[in-house]
Amino acid sequence: MSNANPVMPDHDRAALLARLAALERAGRPLEPGTGRRKALRNAVSASVERFLRQIEHLKAFDDAPDRGAGLLTSPIGEHGLPIADVIRLFEDDVVRPGLNPASGGHLAYLPGGGIYPAALGDYLAAVSNKYAGVFYAGPGAVRMENMLLRWTADLVGYPAGAAGNIASGGSIASLAAIATARDAHGLKGADFARAVVYLTVQAHHCLEKAIRIAGLAEAPVRYIATDDGSRMLPSALAAAIAADRAAGLEPWLIIAAAGTTDTGAVDPLDQIATIAERERCWFHVDAAYGGFFLLTDHGKTLLKGIERSDSVVLDPHKGLFLPYGSGIVLVRDPRLLQATHHYFGNYMQDAFQDEGEISPADVSPELTKHFRAVRMWLPLKLLGVKPFRAALEEKLLLARYFRDGIQSLGFEVGPEPDLSIVTYRWAPNGASLEETNRLNQRIVDYVRRDGRVFISSTMIDGRFTLRMVALAFRTHRRTMDQALRVLREAVKADP
Ligand SMILES: *Cc1c(COP(=O)(O)O)cnc(C)c1O
């Protein structure tokens, strides 16, 4: 650095100023004026309105043969296109083909829908572009995130001091929990091959993925036996731990599900918590799907014991109907989440913590991040909790309604659902397992080609099984009737 007078020759300086002015002009489209902003916003709003006004009639799955390839015929170029052309590309090649996750007819995997106020929250977050990583930079933004985490922790029944993070989804949230569990247990590389993990075959694959990413690929994994409702058997868990201890191994992590992905089974959390406490194992509950059912009386009863866990994951992009991109991890002891994720760089020396608010950057792998809280905060502030509670209770009852209906159509059904997933299959008398599996595969294919609703399948004990998931906020009784109609047609077309 120097305090000397400017030494640039005048003609150089004039050229520099001219170039700066020209570049500023060329970059001006980055800052549209009021009129242009309005035109852009109107075009986007019009597209959104076209979509939402038709949503009841749009296909839940569009088997478009080109699969959005039209997008590639319009490469990124030096010059821009009119907004109408850009929106058309988006509607034709992105919105239309494939799954329509905004549709109430999306009854596959684990849908949520994407409530409109959440989209407006994203808009507000992006325009203000508040920095939500560090309290010092975005005190209100960080307070908002932490307030939502405390609200969720309260729902789970964690102590007020519990810490957490709004991550991009359940997978990343699970990774934060697993890495925290590893460090909390003091596991080092030399211990990994002896450090045993307990879960069931129904555990979501993101957990074994997280275990591997956390460096623990060598850790032995025990798949604990389940009851006929796919729930972990506590006696089998206790026996497996005892056997491993006797063999000189080190049990350290028990993973239970509060709503498995396949069937929505809720493991007996309270009994598992007792075993975890006795065995001094970390107890993680994967409530990515089932967690927000805690808003209902049924959920509160069924998930009892979740409050005794060490960490838990809930997906607002499932049970709170937010658009994709929100998964919450909560850890009972805030110091442990911080110990794994805290870091400090010299370039951060101006940042400091304040007023008891933990900075998201200290409890997650992210530093700079999307200000995800607004998409959750805006709908909750605007609507209150009541409609969410009602919609979730509705989904529980829709599952019962559908199960009854599909059984009346002659389908074989799985066990009474714990939550809002129904399993069923078409199993004509006398058909072999292979034939039955093929028949059900053809039903899935028929429903996908038809597109009015979208279902998925899974294998349970070697049996090709159909699933119906009522979770999207736009899924109602008429959707169930529609699904039953389509499934009846599918069977008729190919008995
Ligand atoms: C969806 C889900 C996950 C994974 O979460 P993503 O948000 O898809 O990353 C984990 N566990 C369960 C039970 C789930 O339903």
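Ligands are counted one by one from 1 in listed order, and the atoms in each one are counted from 1 as well.
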For the residue pair [X] and [Y], confirm or rule out a side-chain donor-acceptor distance under 3.5 Å.
{"X": "Ser311", "Y": "His284", "answer": "yes"}
{"X": "Asp445", "Y": "Gln441", "answer": "yes"}
{"X": "Glu394", "Y": "His476", "answer": "yes"}
{"X": "Tyr158", "Y": "Thr152", "answer": "no"}

Tell me which one of Arg485, Arg478, Arg477 satisfies salt bridge (Lys or Arg N to Asp or Glu O under 4.0 Å) with Asp481.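 Going through Arg485, Arg478, Arg477 one by one, the salt bridge (Lys or Arg N to Asp or Glu O under 4.0 Å) with Asp481 is satisfied by Arg477 alone.
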
Close-contact set for ligand 1 against [X] heavy atoms, below 4.0 Å:
{"X": "Thr261", "value": "12 (C), 13 (C), 14 (C), 15 (O)"}
{"X": "Asp315", "value": "1 (C), 5 (O), 6 (P), 7 (O)"}
{"X": "Ala288", "value": "2 (C), 3 (C), 10 (C), 11 (N), 12 (C), 14 (C)"}
{"X": "Gly170", "value": "5 (O), 6 (P), 7 (O), 9 (O)"}
{"X": "Gly259", "value": "13 (C)"}

key: atom 11 (N) of ligand 1 - nearest protein heavy atom and its distance   =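 The answer is Asp286 OD2, 2.6 Å.
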
- Message: Given Lys318, His204, Lys209, Gln202, identify the one with the heavy atom nearest to atom 2 (C) of ligand 1.
- Response: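 It is Lys318 that holds the nearest heavy atom.
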
Contact check, Ala257 vs ligand 1, heavy-atom distance below 4.0 Å: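 Per 4.0 Å heavy-atom rule, Ala257 does not contact ligand 1.
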
Please determine if Thr260 has a nitrogen or oxygen closer than 3.5 Å to a nitrogen or oxygen of ligand 1.
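Not met; the criterion fails.
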
Q.
Can you tell me which residue among Leu110, Thr260, Thr261 is in a side chain to side chain contact (heavy atoms under 4.5 Å, CB included) with Ile421?
A.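 Exactly one pass, corresponding to Leu110.
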
Exactly one of Ile406, Thr479, Val453 should register a side chain to side chain contact (heavy atoms under 4.5 Å, CB included) with Leu484. Which one does?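 Looking at Ile406, Thr479, Val453, the match for Leu484 under the side chain to side chain contact (heavy atoms under 4.5 Å, CB included) is Ile406.
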
Tell me which part of Ser171 gets within contact of ligand 1: side chain, backbone, both or neither, using heavy atoms under 4.0 Å.
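The part of Ser171 near ligand 1 is both the backbone and the side chain.
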
